[in-house]
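Everything below concerns the one structure shown next.
Proteins get letters first, then strands, A, B, ... in listed order; numbering begins at 1 in each. This structure is a prediction, so every number in the text was calculated from the model and none was measured.
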Amino acid sequence: DTAVSQTPKYLVTQMGNDKSIKCEQNLGHDTMYWYKQDSKKFLKIMFSYNNKELIINETVPNRFSPKSPDKAHLNLHINSLELGDSAVYFCASSQFRGGNYGYTFGSGTRLTVV
Amino acid sequence: DQQVKQNSPSLSVQEGRISILNCDYTNSMFDYFLWYKKYPAEGPTFLISISSIKDKNEDGRFTVFLNKSAKHLSLHIVPSQPGDSAVYFCAASIRAGYSSASKIIFGSGTRLSIRP
């Protein structure tokens, strides 16, 4: 069983489109995250939800909107896609205080905007 | 503003020898430091962590050393094995500020290659 699963694994779309990436975790964790890995390979946090509540919201364009229907799911919706949105997006989960034992990551969604 | 820096993008080590990966940080408010390992087309996998109040943590072949005065940490892998070839991310945990949540800030990674 995959602990943190993301769909789709690859996504190619045109500029201006709206797309969603889904994430589900079966670890019983109460906190979930979205990270973006850019072309320079930096992993940067975008959002975090704890028990469906937004608790971390970094400086991200408001075209990006996370949605958490329950604590096992965190989806990422992106409006009006731009070329600069091309990246690998990773979902992760942890217990609330994940600092000392880290997060469990999904395998990533490679988004290519053309 | 890179708060966690890995200045070596790549490292090549002979099998059986020690691999040493280095990391520097700037924020003294980090409470935990972590190392992640990443294979291609997979997500990062948690490897080992250390509390900011410790100076060493060991887990099998992996040891992390923390030098707070120098704001430096390192990961030692001994002996190095072919399966250790991967990208290693140094990371640090910090309270998010406006909540009691923590967030993890990553370095840019070091690609470790273990040669026969």
Partners meeting ring pair (Phe, Tyr, Trp, His ring centres under 6.0 Å) with A:Phe105 (sequence neighbours left out):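 In terms of ring pair (Phe, Tyr, Trp, His ring centres under 6.0 Å), with neighbours along the sequence ignored, A:Phe105 is linked to A:Tyr35, B:Tyr36, B:Phe106.
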More than 12 heavy atoms from other groups under 6.0 Å of CZ on B:Arg17: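 Not more than 12 within 6.0 Å, no.
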A:Lys52, NZ atom: more than 12 neighbouring heavy atoms under 6.0 Å: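 Open: at most 12 neighbouring heavy atoms sit under 6.0 Å from NZ of A:Lys52.
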Distance-minimising heavy-atom pair for B:Phe89 and A:Gln37: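 Scanning both residues completely, I find the closest heavy atoms to be CZ-NE2, 3.7 Å.
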Minimum-distance pair of heavy atoms, taken over all atoms of B:Pro44 and A:Leu43: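 Closest approach of B:Pro44 to A:Leu43, heavy atoms only: CG-CD1, 3.9 Å.
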Interatomic distance, A:Phe90 atom CZ to B:Glu42 atom CD [nearest 0.5 angstrom]: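 Nearest 0.5 Å value for the CZ-CD distance: 9.5 Å.
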Between CD1 on residue A:Ile56 and OG on residue B:Ser102, distance to nearest 0.5 Å: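 Spacing of CD1 (A:Ile56) from OG (B:Ser102) equals 7.5 Å.
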Interchain contact, B:Ser108 with chain A, by part (heavy-atom threshold 4.5 Å):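 Looking at B:Ser108, backbone and side chain both touch chain A.
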Structural part of B:Phe30 lying under 4.5 Å from a heavy atom of chain A: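 Contact with chain A is absent: no heavy atom of B:Phe30 under 4.5 Å.
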Audit row: A:Lys41, B:Lys38, side chain to side chain contact (heavy atoms under 4.5 Å, CB included) steps and yes/no: CA-CA 12 Å; A:Lys41 305 303 181 186; B:Lys38 186 182 181 303; over 6 Å; no
Cluster check [X], [Y]: I/L/V/M/F/W/Y, side chain < 4.5 angstrom:
{"X": "A:Leu81", "Y": "A:Met46", "result": "yes"}
{"X": "A:Leu76", "Y": "A:Ile55", "result": "no"}
{"X": "A:Phe64", "Y": "A:Leu54", "result": "yes"}
{"X": "B:Leu34", "Y": "B:Val87", "result": "yes"}

Under 4.5 Å from any heavy atom of chain B - which part of A:Lys9: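 Side chain of A:Lys9 only, per the 4.5 Å heavy-atom cut-off to chain B.
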Backbone N/O of B:Ile104 and side chain of A:Tyr103: donor-acceptor pair under 3.5 Å: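 Yes: the side chain of A:Tyr103 pairs with the backbone of B:Ile104.
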